[in-house]
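Order of the sequence lines fixes the chain letters, A, B, ..., with proteins taken first and strands second; residue numbering starts at 1 for each chain. Bear in mind that the values here come from a model prediction, so they are computed numbers and not experimental data.
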Amino acid sequence: MSDYQPVLLARLGKKSSCALETYVADGGYASWKKVLAGAKSGEWTPAKVTDLVKASGLRGRGGAGFPTGMKWTFVPPKEKRGDKPVYLLCNADESEPGTFKDRLLIETDPHQILEGMMLASFALEVKHAYVYIRGEMVHGAEILNAAVAEAYAAGLLGRDLLGSGVDLDVTIHRGAGAYICGEETALIESIEGKRGHPRIKPPFPAVSGAWNAPTVVNNVETLCCVKHILDRGPDWFKAIGRNDRNTGPKLYCVSGHVEKPGVYEAPMGILFKDLLAMCGGVKGGRKLKAVIPGGASAPMLTADEILEVPMDFDGVAAAKSMLGSAAVVVMDETTDMPKAVTNISKFFAHESCGQCTPCREGTPWLNKMLKRIVNGEGRQADVDLLLQVAGQMGNGMTICVFADAAIAPVLSAVPKFRAEFEAYVARSKKPGFDEPAPSDITPKVAERMAEGMHS
Amino acid sequence: MAKVTVDGRTVEVPDGSNALEACRAAGVDVPHFCYHPRLSVVGQCRMCMVEVEGMPKIQASCTVPIRDGMVIHASSEKALAARNATMEFLLINHPLDCPICDQAGECKLQDNAFAAGLPVSRTSEPRRQFPGYDRTDIGPHVVADMTRCIQCTRCIRFCQEIAGTGELTFIERGGHTIVWTHEGRALDNEWSACAADVCPVGALTVKEFRFRKRVWWLEKASSVCDGCDVGCNVSIEHRDRVVHRYLPRVNPEVNDFWICDYGRFRAEGLNGQDFLRPVLRGASGERETNWGEALDSVKGAVDAALAEAGEGSVLALGSARLSTEESWLLARLFGETLKGRAELTVDDGELRRIRNPKARGSFEGFLKGREAAPNSRGAEAAGLVRAGKDSALEKLLAGGPAPRVLYVADAAFTYRVKDPEYVAALRRAPVLVVHARTRNALTDVADVVLPVASLAGKEGTFVNVQGRVQRFDVAIVPPPVVRTDLEVLLHLGRRWGAFDTRWTARDIFERMRGSVDGYAGLEWDAESIVGAPPSVSPAAAYDSLLAEPLSLPELVLPAAPAGGGAK
Ligand SMILES: Cc1cc2nc3c(=O)[nH]c(=O)nc-3n(C[C@H](O)[C@H](O)[C@H](O)COP(=O)(O)O)c2cc1C
Ligand code: SF4
Ligand code: SF4
Ligand code: SF4
Ligand code: FES
């Protein structure tokens, strides 16, 4: 791995890396200029760009790992969409706990993102693209705004770019600090000026998104990859990955009990143990206990489960978790699992948008129970109740998958570290609080309750 | 149309329906909260969960557009377990308020808990409170208590999509989410109490009705609002001869699911009854009497007038508040039998309107009233002559010749009776007879006051602004000596051999059919004039309707007012 040359972070640490001048000096905007130059002649067409992205095997870096090129083809063709514009929204809401890669890209290399957006806009025939940036990233928004201004001044944004007949505007839109606004349909509602409430699907954004027009939402890192695919070709991109389904460079946000936490770029599919080694290993040489491989939403894996796992979409999925935003949270043997899960549950209870009953009510319920357990007031029945309550919140019970994310830590950590939860309950200082739930209920209901929902 | 199979039964439903509507069409009532046939579909409450073949995850049926051939399992174990789950989540924070909650008895949360809930609670956590957001007036008629809110957003959508005013919004987020008015605004649109109607629980209640009666004691009768000529179908809800409230009765062709606040709060007025016995006034002063003497004295005065001044010396004034049947009797008796004149005058009122883009005659999405009384069309068709130039009424008011007897069949026929000059002009008639329920300037000077019942004590028909004949029924029996206008006219008419006192409103309706415009071929019991029966609860009103296509596109406003969620 040591000979791997960073792609996305190649310009990290360079002087004035945010400036257009240095970006161009490093070969930036070559692809955009090339595409614009060939637009009139038909040498470069939207379909050609899309095909390159498809061929690269690029999958979205926002969390779900959806193939980017395929997503783009869901936008109805001109004959079908009529006069409606197409919108590209760059998702820079980055709020998944443990995730800080998009921020680094924004703050160190904004033109890389803009060029990716330009090329994607060309492929999608977008005339107006937006960056939806997390409210707290004040500095990032300033940097992006400055970069956009530079791009306009250089004729890379605006009307009839470089005489190509192509028009493109980019607007930076600041959110107000809600995690849920990273969910693409909530992001769309928010950018329309409404509350960040995820929408019911169908219709999917590609058909009817922002202002009821076809809309594509892509993550910051995804769009950066697009630029490099256009720079160096899909074959080069593909060659970086582990296999055809897991391609390209990848940013990993490593935090927790490691010697050197931070953002690491590595080829998609690096083994967890190699990634850990890049970070200097577990802090203080202690023993690894568990890892959250893809942000708070991803099920926890034990040390045994994760060490040999290739850190890509399919690799982590095979281990029954998910790569998500590649936020790798490392926990050593000193970690108190019930407390860690309680902490995560607080985040989800705080961030639920509140429209769906199971999520609005279930996330605080889980949090209250967990708090009670770690405060020494748990009941024996609580450990199973945690699983039962979590078990009836996901899998279609809600509008968006936030609820599925919220239950993942509980559903993974409680069975895997059950003894720790039971130990808390055993020491409970609330005597008389340990009766199980009443059992004198009709057998059928008891059965249903015992099974939980998704047995 | 599309064929859909629900729990083994195949039904045809209109294209554009959703799975919830298809289930209902198949006779399977899937519990739900946020779905409402006139509001946009949001799929938020997650109560209506069903299994759909070909979709791996459990689905909120209201959000699933039907496809031809779709197979739905609405009662599978998995579907029931999902609904158990949602019910449990809804109840963990709901206050144990039912004993003091006005919604109890007509609460969808109670109903659905009964249908889909578990008999035990697994929570032991403290319940959520919203200090400062409980038992608070959020408008002139609506009281909000957010501890009871289930965040279904029906009220918010009502204000945005039906009222078009958007006073309400969510504030806060997650488990702290509540519904409130936008900063500095009140829930004060023309139909504000309908927001409480659509609220499935006791989070929004109607101030005027709070704590008046447990709803299971209420009896219900179909009626028609007499506030204007839209003629909204209402249910008069009463107990022990007291009217407690109006609720809308669903009529997709007239008022749909709604009534305006002005009309709704006329209900209370139905309880007023100043006159309990006939009153005679003479030189020796005022005294109460019995019906025999009162009606005989009217007959005496009329006969004397006819003998002394001949035809045309008697003028009867009808009212657009009388039923067509009553107007018909008045026109027959005074216009024909007594060879006098029977006229009618109608106030223009403030325009009332009801959102119903599909109604015949609706304009800009609203069915609009033109007059402040319900039945000028029926009254005219029955033979009352609208007072205009050269009418006996105009002449009387202008100081011209006065009739010897003026018979006013509704002492409150115009707001102008508040004007002393107007009353003085009417009083120029040597004999003044009035039908009255409540005291006003005209009853104070009348020679004979005949006590009559309110709308709640009568039956008959009105013809609304669309020309639609609508029947209203008796809700309460009037006090012992008080009679309906119809009975008074029958008994008076009998004194000249004109009518049979055994006639009911229905008999008259059937007699009128041959001659009165708009009544030909109508049946007293026909659904078209009776409308829908009163529903069990305001929030459940639509349960009486079968599946209809999703939301009406015209009803969806382009965008919610910005600024929601600021707090
Ligand atoms: C609760 C929730 C939060 C999300 N937050 C983010 C986010 O902060 N940034 C992001 O890029 N994607 C986020 N996503 C994923 C987006 O919905 C969407 O899938 C993604 O932006 C698509 O981009 P991609 O195809 O490039 O991955 C979130 C999804 C969910 C359900
Ligand atoms: S699952 Fe939670 S976050 Fe997602 S829409 Fe429902 S309430 Fe909102
Ligand atoms: S106040 Fe009533 S109608 Fe409004 S959201 Fe709450 S429960 Fe629903
Ligand atoms: S619109 Fe007219 S008929 Fe309808 S409730 Fe209001 S006043 Fe009554
Ligand atoms: S009725 Fe379907 S989700 Fe509320």
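- The contact between B:Thr123 and chain A is made by backbone and side chain atoms together, counting heavy-atom distances below 4.5 Å.
- A:Lys194 contributes atom NZ, which lies 14.5 Å from atom CZ of B:Phe170 (distance to the nearest 0.5 angstrom).
- Under the 3.5 Å distance criterion, the side-chain polar atoms of B:Arg122 are left unmatched by any main-chain donor or acceptor of A:Leu385.
- Using a 4.5 Å heavy-atom threshold, the side chains of A:Trp365 and B:Asn93 count as separate.
- Contact annotation for B:Leu90: both backbone and side-chain heavy atoms come within less than 4.5 Å of a heavy atom of chain A.
- Nearest heavy atom pair, residue A:Pro358 against residue B:Arg46, reads CD-CG, 3.6 Å.
- Most heavy-atom pairs under 4.5 Å with chain B, from the set A:Ala178, A:Pro202, A:Cys353: that is A:Cys353.
- No part of A:Glu192 comes within reach of chain B, as not one of its non-hydrogen atoms sits under 4.5 angstrom from that chain.
- In terms of heavy-atom pairs under 4.5 Å with chain B, the best-connected choice from A:Ala349, A:Ser352, A:Ala176 is A:Ser352.
- The pair A:Glu361-B:Arg128 meets the salt-bridge criterion, with a side-chain N (NZ, NE, NH1 or NH2) lying under 4.0 Å from an Asp/Glu carboxylate O.
- The closest donor-acceptor contact from the side chain of A:Thr357 to the backbone of B:Cys45 lies under 3.5 Å.
- Interface check for chain B: of the options A:Lys201, A:His197, A:Arg199, the most heavy-atom pairs under 4.5 Å are formed by A:His197.
- Side-chain atoms of A:Arg360 never come within 3.5 Å of backbone atoms of B:Gly174 as a donor-acceptor pair (strictly under, hydrogens ignored).
- Using a 4.5 Å heavy-atom threshold, the side chains of A:Arg372 and B:Ser124 count as touching.
- A donor-acceptor contact shorter than 3.5 Å links the side chain of A:Lys368 to the backbone of B:Pro126.
- The shortest heavy-atom contact between A:Pro364 and B:Gly175 is CG-CA, 4.4 Å.
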